[in-house]
Visitor: 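Take a look at this one; I'll ask things after.
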Amino acid sequence: MLSLNEVRQWTGVTPFQWLLHSIGTLIASILLALKLSLLPRISYILVFTPCFIATSFDFYFIFVVIVRGLMTDKEQTRLPGLISVFGTARVAMLSFFQFLFYHKITF
């Protein structure tokens, strides 16, 4: 079994980001269950809104880390910049997947 520290080192995903996406997925799952069983008039954009909000908070978190890294480490900006680029690419791919998934379900 992997420890949380090992997962963070290998993937670059912090526990705060795991928490954000877990809460967003949990709320979206509850809304999807409500849509399919009790409230069929709820649109799918409302169902996927918690996932989009979690991704937006993740982008903001990465942006804050980039700015903080650039302000504190003026000499060593290469490593924090590279880590932030990978984090931004990961979140961009995740948001693109969420958009395509939403588009596939609605049409």
Side-chain angles (χ1 to χ4, degrees):
M1 188 87 186
L2 296 174
S3 68
L4 186 61
N5 196 19
E6 291 172 336
V7 171
R8 185 188 57 79
Q9 287 177 347
W10 289 352
T11 62
V13 180
T14 63
F16 178 70
Q17 292 167 325
W18 282 105
L19 180 69
L20 275 176
H21 291 289
S22 297
I23 290 173
T25 304
L26 176 69
I27 295 172
S29 299
I30 292 170
L31 288 174
L32 182 63
L34 285 174
K35 178 181 177 38
L36 295 177
S37 62
L38 297 175
L39 304 168
R41 291 187 157 193
I42 296 176
S43 67
Y44 279 108
I45 190 69
L46 183 65
V47 170
F48 286 108
T49 298
C51 291
F52 293 138
I53 290 172
T55 305
S56 301
F57 281 140
D58 200 359
F59 267 124
Y60 177 73
F61 176 69
I62 290 173
F63 177 73
V64 167
V65 169
I66 290 172
V67 170
R68 190 183 69 191
L70 291 175
M71 295 302 240
T72 58
D73 297 329
K74 295 195 185 260
E75 298 168 353
Q76 299 175 349
T77 57
R78 186 174 185 179
L79 184 61
L82 187 62
I83 291 171
S84 299
V85 166
F86 286 131
T88 304
R90 179 189 46 81
V91 174
M93 287 187 288
L94 178 67
S95 62
F96 187 64
F97 169 75
Q98 288 173 348
F99 172 74
L100 289 178
F101 189 68
Y102 161 72
H103 188 68
K104 175 71 176 170
I105 286 179
T106 55
F107 296 111

Visitor: In terms of hydrophobic clusters joined by side-chain contacts under 4.5 Å, are Phe52 and Leu46 together?
Guide: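 Result: yes, single cluster for both.
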Visitor: Any side-chain to backbone donor/acceptor pair from Glu6 onto Ser3? Under 3.5 Å, distance only.
Guide: yes
Visitor: About how many Å separate CG of Leu34 and CG of Leu39, when rounded to the nearest 0.5 Å?
Guide: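 Taking CG in Leu39 and CG in Leu34, the distance rounds to 5.5 Å.
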Visitor: Taking C-beta and beyond as the side chain, do Val7 and Val13 meet within less than 4.5 Å on heavy atoms?
Guide: no
Visitor: Measuring from atom OG1 of Thr14 to atom CG of Leu4, what distance do you get when rounded to the nearest 0.5 angstrom?
Guide: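 Reported value, rounded in 0.5 Å steps: 9.0 Å.
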Visitor: Who pairs with Arg90 by salt bridge (Lys or Arg N to Asp or Glu O under 4.0 Å), at least two apart in sequence or on another chain?
Guide: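 Partners of Arg90 under the salt bridge (Lys or Arg N to Asp or Glu O under 4.0 Å) test: Asp58.
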Visitor: Mind checking side-chain hydrogen bond (donor to acceptor under 3.5 Å, both in side chains) for Thr55 and listing every partner two or more places apart, or none if nothing turns up?
Guide: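 With neighbours one apart ignored, the set is Gln98.
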Visitor: To the nearest 0.5 Å, tell me how far Leu100 CG sits from Phe97 CZ.
Guide: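 Here the interatomic distance stands at 8.5 Å.
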Visitor: Let me see the working for Ile53 and Ile27 under side chain to side chain contact (heavy atoms under 4.5 Å, CB included), right down to the final yes or no.
Guide: CA-CA 11 Å; Ile53 290 172; Ile27 295 172; over 6 Å; no
Visitor: Measure the spacing between CZ of Phe57 and CD1 of Ile23 and express it to the nearest 0.5 Å.
Guide: 10.5 Å
Visitor: Does anything in residues 11-48 form a ring-ring contact (aromatic ring centres under 6.0 Å, His included)? List the pairs, not counting sequence neighbours.
Guide: Phe16-Phe61, Phe48-Phe101
Visitor: When rounded to the nearest 0.5 angstrom, what is the spacing between OG in Ser43 and CG in Leu31?
Guide: 10.0 Å
Visitor: Verify the cluster assignment for Leu19 and Tyr60: are they in a single hydrophobic cluster under the rule of side-chain heavy atoms below 4.5 Å apart?
Guide: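 Per the 4.5 Å side-chain linkage, Leu19 and Tyr60 are not co-clustered.
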Visitor: Spell out, as yes or no, whether a donor-acceptor pair under 3.5 Å connects the side chain of Ser95 to the backbone of Ala92.
Guide: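 Yes.
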Visitor: Can you classify the ring geometry of His103 versus Phe99 as parallel (below 30°), tilted (30 to 60°) or perpendicular (above 60°)?
Guide: parallel
Visitor: If you take all heavy atoms of Pro50 and Gly24, which pair is closest and at what distance?
Guide: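 Closest pair (atom of Pro50, atom of Gly24, distance): CB-O, 3.6 Å.
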Visitor: Using 0.5 Å steps for rounding, measure from the CG atom of Leu94 to the CZ atom of Phe59.
Guide: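 With rounding to 0.5 Å, CG (Leu94) is 8.5 Å from CZ (Phe59).
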